[in-house]
Amino acid sequence: MSTTTTSPLASAVIAAAAARAGVGSTADDTPCTCTDATIEGPRGQPLNLRLYGSRKRQESLPLVLHFHAGAFVSGSLESGSAVARVLAEAGAIVVSVDYPLAPQQPFPDGVEAGYAALEWVYRHRYKLGGPGTGVWLAGEEAGGNLAAAVAPVSRGP
């Protein structure tokens, strides 16, 4: 896994939000769990995802596709886990995407990977989020830019 440096302000905001939400533990103080998955990305390349949250049968929860921070050149599923866990603790099912990083895989690879992840999430939305669930895009820093870029691509021509 790659390592990431986050600005002191972003780190403080994420840490404060995680502390308020009790992220990292449940009511009985057991660690929160997540599930890793690999799907087919653009050009047949593997694309890693991490799923957070759970729902009861017949329950519908918001489904969020999350893109981590890292200025397009760093970051990973691990570095984005604090924000993804906060979203899950707030009541969403979260799918974090480990998009390709520059300069090894420059633009538009990250957008294409994000769109592939969005297609997968949309196809599996009822299984993941429940009946009638909506799909949302979220991200911080560079991840916010990718979320904003993937949204209009999903609308088509």
Side-chain angles (χ1 to χ4, degrees), residues 1-18 20-21 23 32 34-53 55 60-130 132-157:
M1 299 231 164
S2 62
T3 58
T4 283
T5 57
T6 305
S7 72
L9 177 58
S11 296
V13 169
I14 291 168
R20 281 193 307 276
V23 172
C32 290
C34 52
T35 304
D36 288 342
T38 301
I39 64 169
E40 185 176 320
R43 296 173 294 287
Q45 296 293 324
L47 183 60
N48 295 320
L49 305 176
R50 182 166 292 161
L51 289 74
Y52 297 85
R55 67 177 182 86
S60 290
L61 297 174
L63 182 55
V64 177
L65 179 61
H66 170 255
F67 297 86
H68 63 76
F72 300 107
V73 297
S74 65
S76 66
L77 292 175
E78 290 300 320
S79 68
S81 68
V83 172
R85 288 178 189 271
V86 167
L87 292 167
E89 291 288 333
I93 301 296
V94 180
V95 179
S96 258
V97 59
D98 196 17
Y99 59 85
L101 302 174
Q104 294 82 7
Q105 295 179 291
F107 179 85
D109 287 2
V111 176
E112 291 172 350
Y115 183 68
L118 178 60
E119 285 183 312
W120 184 87
V121 166
Y122 188 78
R123 279 194 312 272
H124 295 90
R125 68 190 180 281
Y126 297 121
K127 180 180 177 188
L128 295 169
T133 191
V135 177
W136 305 90
L137 299 174
E140 65 278 359
E141 298 178 3
N145 282 282
L146 285 175
V150 168
V153 172
S154 69
R155 296 183 70 195

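Quick note: numbers below take in every heavy atom, side chains included, and nothing from hydrogens, waters or symmetry partners.
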Between [X] and [Y], what is the shortest heavy-atom contact and its length?
X: Ser60; Y: Gly130; value: OG-C, 3.6 Å
X: Ala142; Y: Ala71; value: CB-N, 3.6 Å
X: Ala88; Y: Val94; value: N-CG2, 3.7 Å
X: Leu77; Y: Val97; value: CD2-C, 3.8 Å
X: Pro62; Y: Gly91; value: CD-O, 3.5 Å
X: His66; Y: Gly80; value: CE1-O, 3.5 Å

Side chains of [X] and [Y] in contact at under 4.5 Å (non-hydrogen atoms):
X: Glu78; Y: Arg50; value: yes
X: Arg85; Y: Cys34; value: yes
X: Val73; Y: Leu101; value: no

Out of curiosity, [X] [atom1] to [Y] [atom2], how far, rounded to the nearest 0.5 Å?
X: Leu47; Y: Glu112; atom1: CG; atom2: CD; result: 11.5 Å
X: Leu146; Y: Leu118; atom1: CG; atom2: CG; result: 12.5 Å
X: Glu141; Y: Phe67; atom1: CD; atom2: CZ; result: 15.0 Å
X: Ser96; Y: Leu51; atom1: OG; atom2: CG; result: 9.0 Å
X: Ile93; Y: Leu87; atom1: CD1; atom2: CG; result: 11.5 Å
X: Glu140; Y: Ser79; atom1: CD; atom2: OG; result: 8.0 Å

What residue pairs, at least two apart or across chains, pass ring-ring contact (aromatic ring centres under 6.0 Å, His included) with a residue in residues 75-97?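 Residue pairs with at least one partner in residues 75-97: there are none.
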ring-ring contact (aromatic ring centres under 6.0 Å, His included) contacts in which one or both residues fall within residues 95-122, not counting sequence neighbours: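 Residue pairs with at least one partner in residues 95-122: His68-Tyr99, Trp120-His124.
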Looking at Thr133 and Leu61, would you say the former's side chain and the latter's main chain have a donor-acceptor pair under 3.5 Å?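 Present.
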Using only atom types and a distance under 3.5 Å, with no angle test, would you say the side chain of Arg55 pairs donor to acceptor with the backbone of Leu128?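 A pair under 3.5 Å: yes.
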What residues form a side chain to side chain donor-acceptor pair (under 3.5 Å) with Asn145, not counting sequence neighbours?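 None.
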Determine, step by step, whether Asp36 and Asn48 satisfy the side chain to side chain contact (heavy atoms under 4.5 Å, CB included) criterion, reporting the C-alpha distance in whole Å, the side-chain angles of both residues, the deciding distance to 0.1 Å, and the verdict. CA-CA 7 Å; Asp36 288 342; Asn48 295 320; over 6 Å; no
